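Quantities reported herein were computed from a predicted structural model and do not represent experimental measurements. Just so we're on the same page: letters track the sequence lines, and every chain starts at 1. FYI, side chains are in, hydrogens and waters are out, and symmetry mates aren't considered; it's all heavy atoms of this structure.
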2 protein chains.
Amino acid sequence: MQKKQLVILGSTGSIGTQTLDIVRRYPDLYSVYALTANTSVDLLASQAREFNPAAVCIADESQYEPLCNALRDTDIKVWAGSQSIEHVVTAREADVIVAAMVGFAGLRPTIAAIQAGKTIALANKETLVVAGAIIEEMSLRHHAPIIPVDSEHSAVFQCLAGEDADAVEKILLTASGGPFRTFSKEQLRGVTAAEALRHPNWQMGAKITIDSATMMNKGFEVIEAKWLFGVRYDQIEVLVHPQSVVHSAVQFRDGSIKAQLGAPDMRLPILYALSYPDRLQTTLPRVDWLATASLTFEQADTERFPCLRLAYDAIARGGNMPCVLNAANEAANLAFREGRCAFTAIPEVIEQTMKKAAYLPAPSLDDLFASDSEARRIAASMLG
Amino acid sequence: MQKKQLVILGSTGSIGTQTLDIVRRYPDLYSVYALTANTSVDLLASQAREFNPAAVCIADESQYEPLCNALRDTDIKVWAGSQSIEHVVTAREADVIVAAMVGFAGLRPTIAAIQAGKTIALANKETLVVAGAIIEEMSLRHHAPIIPVDSEHSAVFQCLAGEDADAVEKILLTASGGPFRTFSKEQLRGVTAAEALRHPNWQMGAKITIDSATMMNKGFEVIEAKWLFGVRYDQIEVLVHPQSVVHSAVQFRDGSIKAQLGAPDMRLPILYALSYPDRLQTTLPRVDWLATASLTFEQADTERFPCLRLAYDAIARGGNMPCVLNAANEAANLAFREGRCAFTAIPEVIEQTMKKAAYLPAPSLDDLFASDSEARRIAASMLG
């Protein structure tokens, strides 16, 4: 495999730091061309010292000076502001863009990278949730392959290797069910952000951990899967599987199912996205079958977890509705983490926002940015 | 897909009749060039009337007259004797040879088909167990692909689609554990053939059902997997999985596992072998995930099921030892079904036969036929 130069968008986050762990393990295969972060200037600077990229970008312009100071004795270029991030992803030297920023902010740089024909290792969910139709078309037009990093989509992607896309009957996305899988509706009303942040199987960032607890995360994955794998949303089924050993599966038209399994370690799907179509030798943890005494499966309960139903509604309606869903969810997710709303208010705010926002059946990118702002305003007015 | 003409060796057995069910469902894709059977003349004649092959062969020459009479008013050619079976598999019109005969008798016609460069849908286990090294070399030399029909090997074959063979770390063969999975050594001593013939998940022929109860069937599959997939025997692990939903799996060097799952219906792997690399739309039963409440996995117990250990011993020693293992097992399996020996005597007879038979490190085909006869003589002397 030829050595690849990576741009890691969101290098100080959970996926970003784990991507750097991969780079650390395979110094002959991967190097870092650029690192970007939102505000975590200290960690970004220490990553830059270790991996010696050509450039670092900090989105928060007020952090430009501290970052410059921290890297004063290096020849690493320091940039600030979101424009500079869009610039760095298009650099000739960059082979693979790891899109690991959180939230809607990941959309613009990912689009810039696609337009530059780069290979995208996509961890940012919002890109496809908000703008799936546009991104899919762009990826084809600019020959910019999108390789999923999310464990579920990586599982489906792996199961589709060597298979004809026409032969897919159903995509089975597994869900851990989160920390409140067995909670009653009544119990859900009282849960705190601290409880919601204790995910049973995966170590992830705060925003996505809350999305896992509401199952909105799974709803987003349904929408992403539609665009990544070119299936209808009603071909995508969510299966609650609390052990998180089966990462997802594909059912083919002959009735055969292929599933991908592994230990719950994000470095495996990250590595696969970076090494695809090769598989590298790793010392990552293996599944211990005898410790894994029993794998169980349950239907997802959209009564207790209405966010999943709202995501299906949004993709069924199409247009800007997934964008509205995402914007309202970002607002409500943050409000819950800040103690400004109850756990069960999250889907209520999203549902109301979807009712109130203007519906655009075939939005442009500009329409989506406007729709995102409108939805945030509507949600904010409810969140007070 | 171009229409394929099949020769079905062993058409009256379990795999044979299910293969004909596939032909019945896809008349535009498959037709029957020839059917062969060992002794079941009535069923063979009625199959011939339904599927109108060019030829039928009956191995048992004493059944030639009755078969001719039964098909007197048709223009189907009738042949008898094992030589005629070797002849029919080499016919120019035959595209795929479904090798579904039981036991060592399947070896010669399968070899003839390979030498004629035919595609082999291989259900006969003994071919690769007895003569794996020779068959593997022949298959390559004559460009005669061998596609497994067994559900476990079909699962592995499906998991390897689109993957690099070098990336395989381990093959995980699942085993139901058979009807005596939970029996103590003491209980195993007293089991009858009637009990052993009640397999919990699969409907199969008598010989293979007994092999499942002793787990010799899984031992054979380990040996076959070594040859089919070009791995070392110590890369093959047997995992007891009583629900038979996971048909087998492959673990890759990055730690990722791909598993193939399905309802326990042999028509699925048979169809896959016939349609490969395509997958056809079927109405075969789908896995019901919500009925499949729990999938469990246990280590195989070679203390209670020594046949599995003997199979690993045989492939570790190599040469003619798997041939001796198979011959002794065929003799002991039959003796048990006829009430001439105890269930627990089966591995004892095999182990003693393996000790007493001459060891040939690099046997020719003729050596293997001689070794087979010698091992049967040794086993027979013990079985009285």
- Item | chain A interface, residue from B/A161, B/G262, B/A155 that has the most non-hydrogen pairs under 4.5 Å | B/A161

Please determine, among [options], the option with the most heavy-atom pairs under 4.5 Å with chain B.
options	result
A/P285, A/G255, A/A259, A/C159	A/A259
A/D164, A/T282, A/L290, A/I257	A/I257
A/L268, A/L261, A/T283	A/L261
A/Q281, A/R267, A/R286	A/R286
A/T296, A/L284, A/L280	A/L280
A/R279, A/E169, A/Q299	A/R279

Tell me, for [X] versus chain B, whether the close heavy atoms (under 4.5 Å) come from the side chain, the backbone, both or neither.
X	result
A/T292	backbone
A/A167	side chain
A/Q251	side chain

- Check whether any side-chain heavy atom of B/V287 lies under 4.5 Å from a side-chain heavy atom of A/F297, and answer yes or no. no

- Note on the structure: Closest non-hydrogen atoms of A/Q158 and B/E163, given as atom of the first, atom of the second and distance, are O-OE2, 4.3 Å

- Of all heavy-atom pairs between B/S256 and A/Q260, which one has the smallest distance, and what is that distance? OG-NE2, 2.8 Å

- Interface moiety of B/L172 toward chain A, non-hydrogen atoms closer than 4.5 Å: side chain

- If you round to the nearest 0.5 Å, how far is CG of B/D278 from CZ of A/R253? 7.0 Å

